[in-house]
Amino acid sequence: MSLIYPRDSLKAHPLNASPAYGSTQKRAPSKPLILLPHTLSETTGPVFGHVGVAAGDSDLTRQHDGEPLGERIIVSGRVLDEDGRPVPHTLVEIWQANAGGRYVHVRDQHPAPLDPNFTGAGRALTDAEGRYRFVTIKPGAYPWRNHHNAWRPAHIHFSLFGPSFLSRVITQMYFPGDPLFKYDPIFQSVTDENARERLVSRFDLGTTEPEWALGYQFDIVLRGRNATPLEEPHDH
Amino acid sequence: MITETQAPQVTGPDFGITPSQTIGPFFAYALTPRAYGGPELATEQVAGDGVEGERIRIEGHVYDGDGVAVSDAMIEIWQADAQGRFNTSGNAGFSGFGRAEATAEGAFYFETIRPGALPGPGGGLQAPHLSVSVFARGLLVQLATRIYFEGDPGNADDPVLALVPAERRDTLIAKRDGAGIFRFVIRLQGEGETVFFAA
């Protein structure tokens with residue numbers, strides 16, 4: 001099956017020139033982007049097998065001797081293409097702050113405690129139906145210095161490859177109903193409301209496990225459509 | 001009964017690609033975790049010993065609009081092998097994919113082989129090049145660019161370079177800097193701004 005990558009879909013993305021997010025101001029290119037034809041360099045991409053992913057990589061609560069503090073959650077969903085077809089056996093990498101809103105990263109200076117039992121990094125491959133599943137801790141909100149009294153809504157970073165260079169995306173998953181959404185210039189950089197809502201996971205009782213962990217569903221749609229539509233037109 | 005785990009609606013205004021968000025400043029312990037002792041999915045080593053082709057080292061820096069080093073960028077490259085082929089399962093030791101974290105000085109490098117020319121649109125050839133993605137705090141969507149090689153005879157007829165205004169093409173050409181070393185500077189904004197593509 002060969003895929004095409006309509007450029008119209010790119011309208012869902014934020015603009016790099018989003019000045020309310022201060023770090024964009026000296027980093028967003030000032031000249032117009034040049035339209036790149038979709039050559040073999042763009043329509044191919046790296047393939048990661050099970051070599052890069054160990055069985056325990058998708059459970060972020062079992063990477064240390066003890067259990068991390070915080071609200072245990074399950075985050076699962078499907079990776080789909082723009083026709084709604086599953087993207088099987090594709091790599092999903094995640095990272096996040098701990099329950100107190102602190103990252104393990106050496107440059108995170110937020111005065112919230114590190115958790116010796118939580119690193120906050122995970123990997124998974126989607127199955128044949130495009131499904132993935134992580135067990136983790138709900139990350140905390142944290143302050144940053146973008147503007148006075150700025151706080152990031154709780155989020156988990158997601159990195160995906162899909163079938164090609166063109167389907168590669170890094171994004172953030174948010175939690176439903178977060179009161180910080182309207183103040184967050186990163187979330188609000190996605191100006192289309194429908195597209196922005198696609199960044200928000202949904203609570204799901206079916207994913208929730210009794211006496212164990214709340215469940216959230218987060219489906220991710222990557223660029224790519226079938227070059228030949230599944231249904232032929234009837235008027236030929 | 002309809003459950004919340006039903007298949008997503010694949011038509012209508014609610015369906016579409018998941019928007020990009022910034023990688024942020026704190027990705028290293030997950031994506032480039034060498035300093036944290038974590039397992040690395042991919043590194044600066046794109047081609048192992050014994051892979052056929054001319055061995056090269058790409059050395060580069062990333063700078064912002066003030067010329068300040070971007071110390072929290074991640075650079076990924078994707079390339080063909082010496083014969084201009086992608087995803088060649090028979091080519092042990094060659095992934096075609098590299099990932100590097102910029103240093104505090106905004107520096108990065110890759111050790112690989114020089115790719116071959118490869119098919120382009122309309123039956124022509126593309127000059128040897130690497131596809132590059134730049135991720136960083138302050139970039140809400142990754143930036144796409146290409147690295148071509150100084151002095152390559154194919155550059156003059158490359159169909160992608162031909163789309164770039166002549167006065168800016170030079171930003172896509174890595175310069176020879178000693179035996180087997182090519183230098184490539186990424187300027188995100190302003191004077192000498194690197195050409196970035198909408199793919």
Side-chain angles (χ1 to χ4, degrees), chain A residues 9-10 12-14 16 18 23-24 26-31 33-37 39-42 44-48 52 80 82-84 93 95 103-105 107-108 119 121 157 159 165-166 168-172 186 189-190 194-195 198-199 202 204-207 217 219-223, chain B residues 3-5 8 10 13-31 33 36 38 41 64-66 70 78 80 86-87 95-97 118-121 126 129 131 133 135-144 159-160 163-164 188-190 193 195-199:
Chain A
S9 307
L10 296 172
H13 287 321
N16 272 320
S18 294
S23 291
T24 65
K26 294 296 181 186
R27 294 186 169 191
S30 60
K31 296 188 164 58
L33 303 179
I34 290 174
L35 285 184
L36 183 65
T39 77
L40 273 179
S41 296
E42 288 73 39
T44 57
V47 176
F48 301 99
L80 304 167
E82 291 180 80
D83 291 326
E93 297 172 281
W95 70 101
Y103 286 91
V104 163
H105 195 282
R107 287 204 289 265
D108 186 2
T119 300
H157 296 265
S159 169
F165 182 84
L166 295 170
R168 177 91 177 93
V169 71
I170 288 182
T171 189
Q172 299 180 24
I186 294 178
S189 69
V190 180
N194 285 317
R198 296 200 287 271
L199 296 174
R202 63 182 197 280
D204 181 46
L205 202 57
T207 307
Q217 283 284 320
D219 291 334
I220 297 157
V221 180
L222 303 179
R223 284 183 81 189
Chain B
T3 72
E4 287 192 71
T5 51
V10 297
D14 293 347
F15 191 82
I17 64 167
T18 304
S20 175
Q21 294 272 268
T22 181
I23 194 172
F26 299 142
F27 60 82
Y29 68 92
L31 301 186
Y36 295 85
L41 179 82
D64 74 7
D66 285 337
V70 175
W78 173 240
F86 289 99
N87 281 337
S95 67
F97 178 72
L118 59 140
Q126 299 188 72
H129 64 273
S131 296
S133 297
F135 300 86
R137 169 178 62 87
L139 295 178
L140 286 155
V141 187
Q142 72 261 38
L143 297 177
V160 171
L163 300 171
V164 176
L188 299 180
Q189 187 190 86
E193 183 176 307
V195 166
F196 298 106
F197 295 103

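For the residue pair B:Leu41 and A:Glu93, the shortest heavy atom distance occurs at CD2-OE2, 3.8 Å. Here the shortest heavy-atom pairing between B:Glu193 and A:Pro29 reads OE2-CB, 3.4 Å. Nearest heavy-atom pair, A:Thr44 versus B:Trp78, reported as atom, atom and distance to 0.1 Å: OG1-NE1, 2.9 Å. Counting all heavy atoms, side chain and backbone alike, A:His157 lies closest to B:Thr22 at ND1-O, 3.9 Å. Among all heavy-atom pairs drawn from A:Ser41 and B:His129, the shortest one is OG-NE2, 2.6 Å. Across all their heavy atoms, B:Pro25 and A:His105 have their closest contact at O-NE2, 3.6 Å.
In terms of modelled atom types and a separation under 3.5 Å, the side chain of B:Gln142 and the main chain of A:Arg168 share a donor-acceptor contact. Although no hydrogens or angles enter the test, the distance criterion places a donor-acceptor pair under 3.5 Å between the side chain of A:Arg198 and the main chain of B:Ile17. A donor-acceptor pair under 3.5 Å is formed between the side chain of A:Thr171 and the backbone N or O of B:Pro19.
With a 4.5 Å cut-off on non-hydrogen atoms, B:Tyr29 touches chain A through its backbone and its side chain both. Heavy atoms closer than 4.5 Å to chain A are found in both the backbone and the side chain of B:Val141.
Two residues are said to be in side-chain contact when any heavy atoms from C-beta on lie closer than 4.5 Å; A:Phe165 and B:Ser133 meet this criterion. Between A:Asn16 and B:Leu143 there is a side-chain heavy-atom pair separated by less than 4.5 Å. Inter-residue side-chain proximity for A:Val190 and B:Gln21 is flagged as met; some heavy-atom pair is nearer than 4.5 Å. With a 4.5 Å cut-off on side-chain heavy atoms, A:Leu222 and B:Thr18 do not count as touching. Between B:Leu163 and A:Pro37 the shortest side-chain heavy-atom distance falls below 4.5 Å. By the 4.5 Å heavy-atom criterion applied to side chains, B:Ser20 and A:Ile170 are not counted as neighbours.
With respect to chain B, the highest number of heavy-atom pairs below 4.5 Å among A:Leu10, A:Thr119, A:Leu199, A:Leu166 belongs to A:Leu199. For the options A:Ala121, A:Ser159, A:Ser30, heavy-atom pairs under 4.5 Å to chain B are most numerous at A:Ser30. Your options are A:His13, A:Arg223, A:Arg107, and the one with the most heavy-atom pairs under 4.5 Å with chain B is A:His13. Top candidate by heavy-atom pairs under 4.5 Å with chain B, chosen from A:Val169, A:Leu35, A:Leu40, is A:Leu40.
A search for side-chain contact (heavy atoms from CB on, under 4.5 Å) contacts involving A:Leu33 returns B:Phe196, B:Ala198, not counting sequence neighbours. Scored by the side-chain contact (heavy atoms from CB on, under 4.5 Å) test, A:Leu36 finds A:Glu42, B:Arg146, B:Val160, B:Phe197, B:Ala199 as partners (sequence neighbours excluded).
Between B:Phe97 and A:Phe48, the ring planes are perpendicular. Angles over 60° get that label, and only those under 30° would be called parallel. Below 30°, between 30° and 60°, or above 60°: for A:Trp95 and B:Phe27 the angle between ring planes is above 60°, a perpendicular geometry.
The CG atom of B:Leu140 sits 9.0 Å away from the CD atom of A:Gln172 when rounded to the nearest 0.5 Å.
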